[in-house]
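Please read these numbers as outputs of a predicted model, since none were measured by experiment.
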Amino acid sequence: MARTGPRLTPQTVEVLRLLLAAPDRPRYGRDIARQTKLKTGTLHPILARLELAGWVESFWEDPAAHEAQGRPRRRYYRLTTDGARVAGAAVADSRAGAAPPALRPNPGF
């Protein structure tokens, strides 16, 4: 069976573990990078692949939030419902030493 989900590198599994800790909680990129100890140049391609696969969704914060604090706007990421399900299975498989699953959320069409 051909794999249709994102590559599950050790770094990707770390990102998924962090997101699974609170699947409904949006996290911004620098926070994810800090907690996983990944450089942003490694992290953002992982997040892009997870979003393309439908495991993660992203959104930009309200401009008023960052303007009031005088900082750049943040992009937030969180697992989709299907993404949480397949990510949980992928992380469990990685702990068991199994080959990465060929799972992908149903895109709904």
Side-chain angles (χ1 to χ4, degrees):
M1 177 191 283
R3 240 174 49 89
T4 57
R7 271 192 339 244
L8 294 177
T9 63
Q11 295 86 357
T12 302
V13 171
E14 282 304 308
V15 170
L16 291 173
R17 280 189 183 127
L18 176 67
L19 295 175
L20 283 166
D24 295 329
R25 178 180 167 206
R27 296 177 180 266
Y28 60 96
R30 283 189 81 99
D31 181 49
I32 297 169
R34 182 179 50 79
Q35 291 191 32
T36 60
K37 296 183 175 38
L38 294 174
K39 295 188 183 289
T40 57
T42 300
L43 174 64
H44 287 288
I46 290 170
L47 291 169
R49 285 193 301 271
L50 292 171
E51 190 167 16
L52 187 62
W55 292 25
V56 167
E57 61 187 0
S58 70
F59 60 93
W60 289 99
E61 75 178 328
D62 180 12
H66 75 89
E67 289 170 357
Q69 295 178 8
R71 61 170 171 73
R73 188 169 61 158
R74 292 176 177 164
R75 188 169 182 179
Y76 285 87
Y77 300 87
R78 71 175 156 228
L79 289 168
T80 62
T81 302
D82 285 339
R85 179 181 51 81
V86 293
V91 168
D93 285 348
S94 75
R95 286 185 190 137
L103 299 174
R104 181 175 172 171
N106 182 347
F109 50 87

- Message: If you compare all heavy atoms of Ala90 against all heavy atoms of Leu8, which two are closest, and at what distance to 0.1 Å?
- Response: CB-CD1, 3.5 Å
- Item | Step-by-step side-chain contact (heavy atoms from CB on, under 4.5 Å) determination, Glu57 to Arg78 | CA-CA 6 Å; Glu57 61 187 0; Arg78 71 175 156 228; 2.8 Å; yes
- Would you name the heavy atoms of His44 and Gly29 that are closest together and state the gap between them? CE1-CA, 4.2 Å
- Message: Using a 3.5 Å distance criterion without hydrogens, assess whether the side chain of Thr36 forms a donor-acceptor pair with backbone atoms of Glu14.
- Response: no
- Query: So which pairs with a foot in residues 71-91 pass ring-ring contact (aromatic ring centres under 6.0 Å, His included), sequence neighbours left out?
  - Reply: Tyr28-Tyr76, Phe59-Tyr76
- What's the verdict on side-chain contact (heavy atoms from CB on, under 4.5 Å) for Arg75 and Leu47, showing C-alpha distance, side-chain angles and the deciding distance? CA-CA 11 Å; Arg75 188 169 182 179; Leu47 291 169; over 6 Å; no
- Query: Closest heavy-atom contact between Ala33 and Leu43?
  - Reply: N-CD2, 3.6 Å
- Closest contact, heavy atoms only, Ser58 versus Glu51: OG-OE2, 2.8 Å
- Item | Derivation and outcome, side-chain contact (heavy atoms from CB on, under 4.5 Å), residues Leu16 and Leu79 | CA-CA 9 Å; Leu16 291 173; Leu79 289 168; 4.3 Å; yes
- Note on the structure: So the salt bridge (charged side-chain N to carboxylate O under 4.0 Å, His left out) pairs with at least one residue in residues 58-67 (sequence neighbours excluded) are Glu61-Arg71
- Query: How many angstroms lie between atom CZ of Arg49 and atom OG1 of Thr12, to the nearest 0.5 angstrom?
  - Reply: 5.0 Å
- Message: If you compare all heavy atoms of Arg73 against all heavy atoms of Trp60, which two are closest, and at what distance to 0.1 Å?
- Response: NE-CE3, 3.4 Å
- Could you tell me which non-hydrogen atom of Ala22 sits nearest to which non-hydrogen atom of Arg27, and how far apart they are? CB-NH2, 4.3 Å
- Item | Nearest-0.5 Å distance, CG of residue Leu19 to CD1 of residue Ile32 | 5.0 Å
